[in-house]
Peer 1: 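Here it is, the structure in full.
Hydrogens, waters and symmetry mates play no part in the numbers below; they use all other heavy atoms, side chains included. Keep in mind it's a predicted model, so treat the numbers as computed, not measured.
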Amino acid sequence: TTTLDQSIKALFGPVQLRVNQAPKIVNQPLPQEVCLNSPFSLGVKAIGTDLSYQWYKNGIPIAAPMGTKSTFDITSAQLTDDATYYVDVTGGGVCGTTAVGSVPIKVTINTPPAIVEQPINVAICEGDNFRMKVKATGKNLKYQWYKDGVNPINLISGAVSAEYIVTNTVLKDSGVYYVVIEGDCPPSPITSIGAIATVKAKPNLVASTKDTSVCLNTQLRMYATATD
């Protein structure tokens with residue numbers, strides 16, 4: 001005896017039931033900070049039927065094929081890649097096409113340390129103050145000043161900011177000053193040019209005119225002798 005089920009299978013073969021599912025994002029893309037010229041990848045994980053993807057950069061669709069996959073990959077980040085990104089995931093199959101959008105995320109492109117204003121030469125008198133300073137760009141910059149060479153023995157203890165100030169100078173403060181700047185992105189560290197500080201000795205009075213008396217309307221001459 002042949003059953004109805006056996007008859008249907010004989011006529012049509014095995015029947016597969018496909019349940020169409022609307023798209024749903026289960027893992028959102030994450031914000032990133034990336035060094036210039038380094039790779040980065042944005043990804044989304046979604047479930048649903050017949051999924052397709054469209055990435056956006058600052059609200060503008062990214063062309064295929066880069067912008068139409070579940071991941072968006074850049075092999076060498078440039079400053080123009082510093083932007084806000086999101087992705088639309090579309091799917092649903094025969095039940096109707098629907099789209100869901102990811103959360104917008106920010107990709108920040110960080111640059112290596114770069115000096116935009118070098119320290120400059122100064123000339124001051126003994127006992128005065130002077131300042132060495134540098135202006136630099138980059139991410140998480142760290143500074144270390146040196147005197148008369150960039151070696152551990154020339155390191156100035158505690159001089160770890162963009163400015164180095166010397167107060168009440170003495171002659172031995174004369175020299176060539178450098179600053180080494182380190183950042184998060186290569187190439188790092190970098191070294192400034194050497195800036196010369198010249199401390200001049202105050203004049204030393206060694207002789208002067210003695211007390212004297214003169215008559216009214218007569219010539220008076222006074223003198224002094226000093227050394228540098």
Side-chain angles (χ1 to χ4, degrees), residues 5-6 8-117 134-144 160-162 179-192:
D5 181 60
Q6 291 173 330
I8 293 175
K9 287 182 179 181
L11 289 173
F12 301 104
V15 177
Q16 292 184 340
L17 177 63
R18 183 186 185 189
V19 178
N20 292 279
Q21 183 179 5
K24 179 182 179 182
I25 293 175
V26 292
N27 285 338
Q28 296 279 354
L30 299 175
Q32 296 188 36
E33 289 196 18
V34 184
C35 288
L36 187 68
N37 298 321
S38 296
F40 73 89
S41 179
L42 304 177
V44 65
K45 184 177 180 181
I47 56 175
T49 304
D50 296 336
L51 296 181
S52 61
Y53 304 87
Q54 178 61 63
W55 287 90
Y56 294 81
K57 174 183 175 181
N58 290 336
I60 300 173
I62 300 172
M66 290 181 61
T68 55
K69 299 182 292 185
S70 60
T71 60
F72 172 66
D73 301 306
I74 292 291
T75 57
S76 181
Q78 302 301 305
L79 293 179
T80 52
D81 295 315
D82 191 296
T84 299
Y85 296 83
Y86 66 91
V87 60
D88 280 346
V89 182
T90 303
V94 297
C95 296
T97 300
T98 57
V100 291
S102 72
V103 296
I105 54 99
K106 182 71 169 67
V107 173
T108 302
I109 309 301
N110 294 320
T111 57
I115 296 174
V116 294
E117 289 183 15
V134 68
K135 185 176 181 181
T137 59
K139 177 69 173 179
N140 290 333
L141 298 182
K142 299 176 183 178
Y143 303 85
Q144 179 60 63
V160 291
S161 67
V179 62
V180 173
I181 305 173
E182 185 177 356
D184 281 356
C185 295
S188 173
I190 59 173
T191 303
S192 74

Peer 1: List the residues meeting side-chain hydrogen bond (donor to acceptor under 3.5 Å, both in side chains) with K57, not counting sequence neighbours, and say none if there are none.
Peer 2: none
Peer 1: State, to 0.1 Å, how close W55 and T71 come at their nearest heavy-atom pair, and which atoms those are.
Peer 2: NE1-C, 4.0 Å
Peer 1: What pairs with F40 under ring-ring contact (aromatic ring centres under 6.0 Å, His included), at least two apart in sequence or on another chain?
Peer 2: none
Peer 1: Distance from S102 atom OG to N27 atom CG, nearest 0.5 Å?
Peer 2: 12.0 Å
Peer 1: Taking disulfide bond (SG atoms under 2.5 Å apart) as the cut-off, I'd like each qualifying pair that reaches into residues 19-70, sequence neighbours left out, listed once.
Peer 2: C35-C185
Peer 1: Check whether any side-chain N or O of N58 sits under 3.5 Å from a backbone N or O of T84 as a donor-acceptor pair, and report yes or no.
Peer 2: yes
Peer 1: Please find the pair of heavy atoms, one from V100 and one from P23, that lie closest to each other, and give the distance.
Peer 2: CG1-O, 3.8 Å
Peer 1: Between F72 and V87, is a side chain to side chain contact (heavy atoms under 4.5 Å, CB included) present by the stated rule, with each step listed?
Peer 2: CA-CA 9 Å; F72 172 66; V87 60; over 6 Å; no
Peer 1: Can you find a pair of side-chain heavy atoms, one from I25 and one from V89, that are under 4.5 Å apart?
Peer 2: yes
Peer 1: What closest approach, in Å, do D81 and I74 show between heavy atoms, and which atom pair accounts for it?
Peer 2: OD2-CG2, 3.9 Å
Peer 1: Quick one: list whatever passes ring-ring contact (aromatic ring centres under 6.0 Å, His included) with Y56, sequence neighbours left out.
Peer 2: Y86
Peer 1: Shortest non-hydrogen contact from G101 to D88?
Peer 2: CA-OD1, 3.3 Å
Peer 1: side-chain contact (heavy atoms from CB on, under 4.5 Å) with Q32: which of T108, I105, L42?
Peer 2: L42
Peer 1: Backbone N or O of I62 within a donor-acceptor pair of the Q54 side chain at under 3.5 Å?
Peer 2: yes
Peer 1: For S41, give me all partners under side-chain hydrogen bond (donor to acceptor under 3.5 Å, both in side chains), at least two apart in sequence or on another chain.
Peer 2: D73
Peer 1: What's the shortest heavy-atom distance between G91 and L51, and which atoms?
Peer 2: CA-CD2, 4.2 Å
Peer 1: Within the 4.5 Å heavy-atom criterion, are N140 and E182 side-chain neighbours or not?
Peer 2: no
Peer 1: May I have the step-by-step check of side chain to side chain contact (heavy atoms under 4.5 Å, CB included) for Y53 and T68, ending in yes or no?
Peer 2: CA-CA 5 Å; Y53 304 87; T68 55; 5.6 Å; no
Peer 1: How far apart are the C-alpha atoms of K142 and V180, what are their side-chain angles, what is the distance that settles it, and do they pass the side chain to side chain contact (heavy atoms under 4.5 Å, CB included) test?
Peer 2: CA-CA 8 Å; K142 299 176 183 178; V180 173; over 6 Å; no
Peer 1: Please report the C-alpha distance between L79 and T111 in whole Å, then the side-chain angles of each, then the deciding distance to 0.1 Å, and finally whether the side chain to side chain contact (heavy atoms under 4.5 Å, CB included) criterion is met.
Peer 2: CA-CA 8 Å; L79 293 179; T111 57; 3.7 Å; yes
Peer 1: S188 and I181: which non-hydrogen atoms are nearest, and at how many Å?
Peer 2: OG-O, 4.3 Å
Peer 1: Going by the rule side-chain hydrogen bond (donor to acceptor under 3.5 Å, both in side chains), which residues pair with S76 if we only count those two or more places apart in sequence or in a different chain?
Peer 2: Q78
Peer 1: Counting heavy atoms not belonging to K45, are there more than 12 under 6.0 Å from its NZ?
Peer 2: no
